[in-house]
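In what follows, a single structure is set out as structure tokens and then discussed.
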2 protein chains.
Amino acid sequence: MNSLFKALSHPVRRRIIAMLRKGPLASGDIAAAFDMSWPTITGHLNALKEAELVSTERDGQSIRYRLEISAVEEALAFLMDLSGTGETKEEDHHD
Amino acid sequence: MNSLFKALSHPVRRRIIAMLRKGPLASGDIAAAFDMSWPTITGHLNALKEAELVSTERDGQSIRYRLEISAVEEALAFLMDLSGTGETKEEDHHD
DNA sequence: GTTGCATTTAGCGAATACCCTAATTAGTTT
DNA sequence: AAACTAATTAGGGTATTCGCTAAATGCAAC
């Protein structure tokens, strides 16, 4: 949980996560979207992976990074608990 | 927004926020709850304040720190956007 | 096995974060 | 104003983070 928020604390990593929202991407595609060296991006991807915010799978010679929604939801749960969203209120619907 | 997640990235600061959920507290009360020096806690409070996660008001000679829910909700909005905003199909998590 | 492409690891310097103690500011009371 | 309390700022040591370049690894095709 600590690594989760730590991973979220860097703008580049948040941007990577936002990119991944549309679907999995290869490391190179991600690196190409930034004005930084590829190894630097790999470092950020490792941070995201350690926080279990992304998972990886090989696809031939490239490696696909996929967003792990469950980790995002874990952070969400923490913040919702702080703000009171989703409980202690009568607003409740589940469809 | 960057300082928001950065503020959230430290366990002590998250714990402070959790304490403040129940209501405003003086700096000294917060510092007393931790096994760290008071100036260190002041540093964390400053980080929270810069992220606008807390606001302060004087109360005589002490200063009261209050949780600013709107900042929490801002983080919440970011994460909800990533996850698909409350389309929870099943609640199956254990912490 | 060697060449070539995609990606990661290794190693390093600079900047930032974290924690401490000592000194200082701000407000209250006398 | 001086003494007392609450809280912050200043300064410094160490750990961690962030970015880079160069070298290494993994896979696929020849």
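Below, read A as the first sequence line, B as the second, and so on, with proteins coming before strands; counting in each chain starts at 1.
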Which part of the nucleic acid does A:A31 contact within heavy-atom distance under 4.0 Å: base, sugar-phosphate only, or nothing?
-> nothing
Between P of D:dG19 and CG of A:L45, the distance in whole Å = 12 Å
How about A:E73 and B:S83: does a side-chain donor come under 3.5 Å of a side-chain acceptor?
-> no
Can you check whether B:L76 reaches A:M80 side chain to side chain, under 4.5 Å on heavy atoms?
-> yes
Spacing of A:E50 atom CD relative to D:dC18 atom P, expressed in whole Å = 12 Å
Are any of the side-chain heavy atoms of B:I41 and B:M36 separated by less than 4.5 Å?
-> yes
Taking C-beta and beyond as the side chain, do B:L20 and B:I30 meet within less than 4.5 Å on heavy atoms?
-> yes
How close or far is atom P of C:dT8 from atom CD of A:E57, stated in whole angstroms?
-> 14 Å
OP1 or OP2 of C:dT8 less than 4.0 angstrom from a side-chain nitrogen or oxygen of A:Y65, does that happen here?
-> yes
Value in whole Å for how far the P atom of C:dT9 lies from NZ of A:K49 | 8 Å
How many Å lie between CD1 on B:I30 and P on D:dA6, as a whole number?
-> 15 Å
Please report, rounded to the nearest Å, how far the C1' atom of C:dT7 is from the CG atom of A:D29.
-> 12 Å
On DNA chain D, nearest-nucleotide positions of A:I41 versus A:D59: which is more 5'?
-> A:I41
Taking only side-chain nitrogens and oxygens of A:N46, does any of them come within less than 4.0 Å of OP1 or OP2 of C:dT7?
-> no
Under 3.5 Å: donor-acceptor pair, side chain of B:R21, backbone of B:L67 = no
If you look at every strand shown and take non-hydrogen atoms under 4.0 Å, does A:T42 touch a base, only sugar-phosphate, or nothing?
-> base
Please examine the side chains of B:T40 and B:H44, heavy atoms only from C-beta on, and report whether any two atoms are closer than 4.5 Å.
-> yes
Between atom CZ in B:R64 and atom P in D:dA6, what is the gap in whole Å?
-> 15 Å
Does the side chain of B:S62 get closer than 4.0 angstrom to OP1 or OP2 of D:dA6 through an N or O atom?
-> no
Min side-chain heavy-atom separation B:I16-B:L53 under 4.5 Å = no
A:H44 vs D:dT17: side-chain N/O to OP1/OP2 distance below 4.0 Å = no
B:S9 and A:S9 have their tightest heavy-atom pair at CB-CB, 3.7 Å
Grab the N/O contacts between the protein and nucleotides 21-27 of chain C below 3.5 Å, and write none if there aren't any.
{"from": "C:dG27", "atom 1": "O3'", "to": "B:G60", "atom 2": "O", "distance (Å)": "3.3"}

Touch check for A:A47, heavy atoms < 4.0 angstrom, all strands: base, sugar-phosphate only, or nothing?
-> nothing
Check the distance between C:dA6's C1' and A:I63's CD1 and give it to me in whole angstrom.
-> 8 Å
If only atom types and distance count, is the side chain of B:R14 paired as donor or acceptor with the main-chain N or O of A:F78 below 3.5 Å?
-> no
Mark yes or no for whether A:R15, through its side chain, and A:F34, through its backbone, hold a donor-acceptor pair below 3.5 Å.
-> no
Among residues 6-19 of chain B, which contact DNA chain D at a heavy-atom distance under 4.0 Å?
-> none
